[in-house]
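Worksheet for the structure shown next.
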There are 2 protein chains.
Amino acid sequence: MKVTINDVAKLAGVSMKTVSRVINNEPSVRKKTHDQVMAAVKELNYQPNLAARNLAGTSSYAIGLVYDNPNAYYVIDMQNGVLSRCRQEGYELVIHPCSYADSDMKTELKTMIRRSRIAGLVLTPPLSEQQDLIDELDEMNMHYVRILSGRGDNKDNSACIYVNDYAAAYEITSHLLQLGHKNIAFICGDQGHKSTTERLAGYQQALADNQIQASEALLFRGDYSFESGVKGAKELLKNDNALGITAVMGGNDEIAAGALFAARLMNIAIPDELAITGFEDSPFSKQTWPKLTTAHQNNDEISQHAARLLFSKTRGARNQDKDITRIFTPSLVIRGSSDAKTA
Amino acid sequence: MKVTINDVAKLAGVSMKTVSRVINNEPSVRKKTHDQVMAAVKELNYQPNLAARNLAGTSSYAIGLVYDNPNAYYVIDMQNGVLSRCRQEGYELVIHPCSYADSDMKTELKTMIRRSRIAGLVLTPPLSEQQDLIDELDEMNMHYVRILSGRGDNKDNSACIYVNDYAAAYEITSHLLQLGHKNIAFICGDQGHKSTTERLAGYQQALADNQIQASEALLFRGDYSFESGVKGAKELLKNDNALGITAVMGGNDEIAAGALFAARLMNIAIPDELAITGFEDSPFSKQTWPKLTTAHQNNDEISQHAARLLFSKTRGARNQDKDITRIFTPSLVIRGSSDAKTA
DNA sequence: TTTCCTAATGATACCGGTGTCAAGGACGAA
DNA sequence: TTCGTCCTTGACACCGGTATCATTAGGAAA
């Protein structure tokens, strides 16, 4: 039933240590021996026991994915990307949803790391921005890779993967400007989040580059929720749109969907009377009416890259230093909520 | 840094085996000893090493969650529910997304079970309905708990948790009938899925109980997607609604959202000219316009129950046989897509 | 108090790998 | 051929727990 390293060793006519060498790709194994062992592995369909490896080895074969993100689509994307690399490399994935607001979140995380002998962590936003968490991990000498909103602006040389929300917001804003919009409002996501700051900054810079004065009145500071989008749009467009707003940018797709909802309540035609845009290209952004113009980020590639980077760290990197950061820029997806021609 | 069972034993002044007994709640440990050990555990903040336990023990401390479901919300709910029980019981969760259509899916699953020494599996629909998979697991003598659409109709006495889609569909249909609808169409989900059959059956029974002849013309057989909802609604309502349909039930919320979308395209007012209902109460069903009437299923409770049931099996059940099945019935949630008063 | 039985505890092998270090073998140089 | 060196390989301890079985201690009965 279950095949151990000894079975393989016996069949291949070598010692178990040699089998161990082969499956770990260690050097100084003669090719002939290597082939014999591999043949035996294949014949017996041998799978190394993870528990044994984790117990015996200095480093473990498990990494953790930590998130505190209400967006199910995003989380699933991250999981699947990381998981696919894990399967390739023979690692196990331990998922760790948590709540940063929770007082004992860090204790929980430590417990999980100890119990499962975690070799490294992939941290997703907004958790990846919490400096106190990072400090703690550094103190524990824990490997980690962060996925962050930003432009490669991190001072330390830790492993980061950036999502350039700034550039994407700039692009969305430019798109609206090109359509002739001048009075563009923005509904922000959670105040604490880096993505909020970045997206806002991109929006403001695009306005500035087009000689348009950004106005605080056109800003609604909410959070990344549908309800916030509804509330923000109602507020911004109140008094029969006294501010003369012709476009609303949502901090993410939820917000945009909320704004769409509010516009519907107020009998405002989209996109004719008002353009609305989102961010992230969640699946439901194609299911609204009209479909949402948004920025698409390649979560699968991002998460796979994160995992790869982490593996190179845990395995004791040699010359991977150069590849330590990378910036992904979400790309503009134009749909009917901003441009009637694409509806 | 890392605390082992020996450290605890030394501090408590007992042998490591006694510590092992205490943390596993084995009988025949004197209360005084028990307290001493627990004190030491607490003082050192001891965490048993999972890898060691898995390696040494006969049963392991890891269970798997297997799913082939495109609905991110559903999957996350399942994960979180199972995970919360796992944390309580000191188990590890190995997630296993897969694709049943994939030819080597079963091999992959087996590999994962062997590698991670999985003690048991939680199977979610539609995977949980695949008899060949079940047979294979039985053959391997693997513990599992299935979450299934059904009414407790399983012949064998394996552990099942049923979601009574039949009753829920019956309730939705009754709701529409009460509102005066007589010509109610139904857009089915994937043909292969049990939930499709069950929901359809509930719908048909409700019609029959109200002396309404179910008509094949009012049925659209699609799949559980937004696009299918769009297509189904267009087909059913074609020729200026020649069939005189006044309500459309969607097999799930995606389909309903698609139907909503199509109605919008055709300039049909919801719910005044046409009522639409969904199924599952996904988060986005509150974000459509109007909000969707649907059936809410308590996924958190379902998944937690599944995990609990599985643990009782893997631990070598004594008298848990009675608790082996349980039926959850989703509850009707009335919103604006069927009833203008609630908009 | 002694005897006996059972409950409580400990000694030790073992799970399936990895790490260390020493031994064996191949091969070029002397 | 002989030696030295480096490349291959294997023996064995060990990771941190659990399982088994022997041993000890405690309490009831004699």
Side-chain angles (χ1 to χ4, degrees), chain A residues 1-37 40-41 44 46-62 90-92 113-119 314-316, chain B residues 1-37 40-41 44-62 90-92 114-119 314-316:
Chain A
M1 192 66 213
K2 63 182 169 188
V3 183
T4 77
I5 199 170
N6 281 301
D7 302 325
V8 178
K10 210 173 297 171
L11 180 61
V14 298
S15 77
M16 57 183 271
K17 180 63 213 183
T18 298
V19 177
S20 172
R21 286 198 178 91
V22 171
I23 61 173
N24 287 298
N25 278 315
E26 285 174 32
S28 59
V29 173
R30 200 162 300 164
K31 174 146 195 334
K32 192 183 141 210
T33 314
H34 179 275
D35 293 346
Q36 276 173 31
V37 171
V41 165
L44 297 175
Y46 167 66
Q47 287 295 333
N49 179 319
L50 262 180
R53 293 180 102 170
N54 286 339
L55 184 56
T58 42
S59 70
S60 88
Y61 287 82
Y91 276 71
E92 193 165 55
I113 290 173
R114 287 239 311 265
R115 276 174 46 87
S116 300
R117 275 257 196 133
I118 296 293
T314 59
R315 261 197 284 272
Chain B
M1 193 66 214
K2 62 182 170 185
V3 184
T4 77
I5 199 172
N6 281 302
D7 301 325
V8 178
K10 211 174 297 172
L11 180 61
V14 298
S15 77
M16 58 186 273
K17 180 61 211 183
T18 298
V19 176
S20 172
R21 287 199 178 88
V22 171
I23 60 175
N24 287 299
N25 278 316
E26 285 174 31
S28 54
V29 173
R30 201 159 300 164
K31 175 149 194 335
K32 193 182 140 209
T33 314
H34 179 275
D35 294 346
Q36 277 174 30
V37 171
V41 165
L44 297 175
N45 188 24
Y46 167 67
Q47 287 295 334
N49 180 319
L50 262 182
R53 293 180 103 172
N54 286 339
L55 183 57
T58 40
S59 70
S60 89
Y61 287 80
Y91 275 71
E92 194 165 52
R114 288 238 312 262
R115 278 174 45 87
S116 299
R117 274 258 194 130
I118 296 294
T314 59
R315 262 198 282 272

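Chain letters run A, B, ... following the sequence lines, proteins first, then strands; residues in each count from 1. Remember, it's a predicted structure, so these values are computed and weren't measured experimentally. Quick note: numbers below take in every heavy atom, side chains included, and nothing from hydrogens, waters or symmetry partners.
Not counting sequence neighbours, the partners of R21(A) by the side-chain contact (heavy atoms from CB on, under 4.5 Å) test are K17(A), T18(A), E26(A), V29(A). For the salt bridge (charged side-chain N to carboxylate O under 4.0 Å, His left out) test, residues two or more places apart in sequence or in another chain that qualify with K31(B) are D35(B). For Y61(B), the ring-ring contact (aromatic ring centres under 6.0 Å, His included) criterion is met by Y91(B), not counting sequence neighbours. The side-chain contact (heavy atoms from CB on, under 4.5 Å) check on S60(B) picks up N54(B), A62(B), R117(B), A119(B), with sequence neighbours excluded. Shown here are the side-chain contact (heavy atoms from CB on, under 4.5 Å) partners of L11(B), two or more places apart in sequence or in another chain: A40(B), E43(B), L44(B).
Residues Q36(B) and A12(B) approach most closely at OE1-O, 3.2 Å, considering heavy atoms. Shown here for A9(B) and S15(B), the closest heavy-atom pair between the two residues is CB-C, 3.7 Å. Of all heavy-atom pairs spanning V37(B) and V8(B), the tightest one is O-CG1, 4.2 Å.
Side-chain contact between I5(B) and S20(B): present, with at least one pair of heavy atoms (C-beta onward) separated by less than 4.5 Å. N49(B) has its side chain out of reach of R114(A): every pair of non-hydrogen atoms, C-beta onward, lies at least 4.5 Å apart.
Here dG17(C) presents its P atom at 10 Å from CZ of R114(B), a figure rounded to the nearest Å. Spacing between atom CD of E26(A) and atom C1' of dG17(C) amounts to 12 Å, rounded to whole angstrom units. For the pair N24(B) CG and dA19(D) C1', the interatomic distance rounds to 11 Å; values are reported in whole Å. Residue M16(B) contributes atom CE, which lies 11 Å from atom C1' of dC15(D) at whole-angstrom precision. dA8(C) atom P lies 14 Å from atom CD of Q36(B), rounded to whole Å. What separates CG of D7(A) from C1' of dG16(C) is a distance of 11 Å, to the nearest Å. Atom C1' of nucleotide dT9(C) and atom CG of D35(B) are separated by 16 Å, given to the nearest angstrom. In this structure, N25(A) atom CG and dT18(C) atom P are separated by 12 Å, rounded to whole Å.
Here dT8(D) is the nucleotide among dT18(C), dT8(D), dG17(D) with the atom lying nearest to any side-chain atom of S28(A). When distances are taken from the side chain of T18(A) to each of dG16(C), dT18(C), dT9(D), the shortest belongs to dT9(D).
Rounding to the nearest 0.5 Å gives a distance of 8.0 Å between CD1 of I118(B) and CD of E92(B). Atom CG of L50(A) is separated from atom CG of L50(B) by 12.0 Å, given to the nearest 0.5 angstrom. Atom OH in Y46(A) sits 9.0 Å away from atom CG in D7(A) (nearest 0.5 Å). Distance check, rounded to the nearest 0.5 Å: CD of Q47(B) to CD1 of I23(B) gives 9.5 Å.
At a threshold of 4.0 angstrom between heavy atoms, the contacts of N6(B) with the nucleic acid are absent. Backbone-only engagement by Y46(A) is indicated by non-hydrogen atom pairs under 4.0 Å involving sugar-phosphate atoms exclusively.
Between P27(B) and R117(B), the one whose closest nucleotide on DNA chain C sits nearer the 5' end is P27(B).
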Polar atom pairs between nucleotides 24-26 of chain D and protein, under 3.5 Å, N or O only, would you list them?
none

Interface polar pairs with nucleotides 20-22 of chain C, N/O, under 3.5 angstrom:
none

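Put simply, S20(B) has a side-chain N or O that comes within less than 4.0 Å of OP1 or OP2 on dT18(D). Not one side-chain nitrogen or oxygen of K31(B) sits closer than 4.0 Å to the OP1 or OP2 atom of dA8(C). Contact check, T4(A) against dG16(C): no side-chain N or O comes under 4.0 Å of OP1 or OP2.
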Pair assignment for DNA chain C - dot-bracket with | for other-strand partners, Watson-Crick or G-U under 3.5 Å: ||||||||||||||||||||||||||||||

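Contact check of residues 47-58 of chain B against DNA chain C (heavy atom, cut-off under 4.0 Å) returns L55(B), A56(B).
Looking at R115(B), its side chain never comes within 3.5 Å of a backbone N or O of A51(A) through a donor-acceptor pair.
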